[in-house]
Amino acid sequence: MKYIKELIILIIQLLVYYILPLFMGPTDAMGVVFLLILSVFILGLILGFISNNKIKYIYPLFSSLLFLPAVFIYFNVTALIYILWFFILSLMGILSSTLLRKLIKWLYGLF
């Protein structure tokens, strides 16, 4: 499988979206949303570091679309705005880690 690393990260993201809210109480919604936001950014960083394929740039779209059913299962319609936040944060994670990876390779090539 050519895209096994990307698929594993996407499965982890899917599990975070659908398993983490199961442990949410009636007053824990903001804490769960914070953990979701943090996990989206961290998984974007990880994907940017470990993936060499160009398909990693589609991950923000998949990540945000995977959250869409979770909005109607666990949250309410007001959580639809998080889809945009998840897209932006995963894109920031991928781009920043890709740039950092290229910088490290460039610096390693100098020495």
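Note that the coordinates shown come from a computational prediction; the quantities given were computed from them, not determined experimentally.
- By the side-chain contact (heavy atoms from CB on, under 4.5 Å) test, L99 is found to be paired with no residue, residues two or more places apart in sequence or in another chain being considered.
- Applying side-chain contact (heavy atoms from CB on, under 4.5 Å) to F67 and the options Y18, F75, W85 leaves one that passes, F75.
- Closest approach of S97 to G48, counting heavy atoms only: OG-CA, 3.0 Å.
- Note: L66 CG to I83 CD1 = 10.5 Å, rounded to the nearest 0.5 Å.
- Contact of the T98 side chain with the K56 side chain is registered, since non-hydrogen atoms from C-beta on lie closer than 4.5 Å.
- Atom NZ of residue K2 and atom CG of residue N53 lie 6.0 Å apart, to the nearest 0.5 angstrom.
- The NZ atom of K5 sits 6.0 Å away from the CD1 atom of I50 when rounded to the nearest 0.5 Å.
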Sequence neighbours left out, cut at 3.5 Å: what donor-acceptor pairs do the side chains of residues 29-42 make with other protein atoms?
residue : atom : partner : partner atom : Å
S39     : OG   : L35     : O            : 3.3
S39     : OG   : L36     : O            : 2.8

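- Under the rule for a ring-ring contact (aromatic ring centres under 6.0 Å, His included), Y82 has no partner lying at least two apart in sequence or in another chain.
- Taken to the nearest 0.5 Å, the CD1 atom of I81 stands 5.0 Å off from the CG atom of L84.
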Would you be so kind as to tabulate the donor-acceptor pairs closer than 3.5 Å made by side chains of residues 86-95, with sequence neighbours excluded?
residue : atom : partner : partner atom : Å
S90     : OG   : F86     : O            : 2.9
S90     : OG   : F87     : O            : 3.2

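- Rounded to the nearest 0.5 angstrom, F62 CZ and L7 CG are separated by 10.5 Å.
- Contacts classified as side chain to side chain donor-acceptor pair (under 3.5 Å) and involving residues 72-81 (residues at least two apart or in different chains) are given here: N76-T78.
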(message) Quick one, Y17 with Q13, criterion side-chain contact (heavy atoms from CB on, under 4.5 Å). Give me CA distance, side-chain angles, the key distance, then yes/no.
(response) CA-CA 6 Å; Y17 282 157; Q13 187 67 54; 3.2 Å; yes
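- Inter-residue side-chain proximity for L43 and L10 is flagged as unmet; no heavy-atom pair is nearer than 4.5 Å.
- By the side-chain contact (heavy atoms from CB on, under 4.5 Å) test, I104 is found to be paired with L100, residues two or more places apart in sequence or in another chain being considered.
- Taking OH of Y3 as the start and CD1 of I58 as the end, the distance is 8.5 Å to the nearest 0.5 Å.
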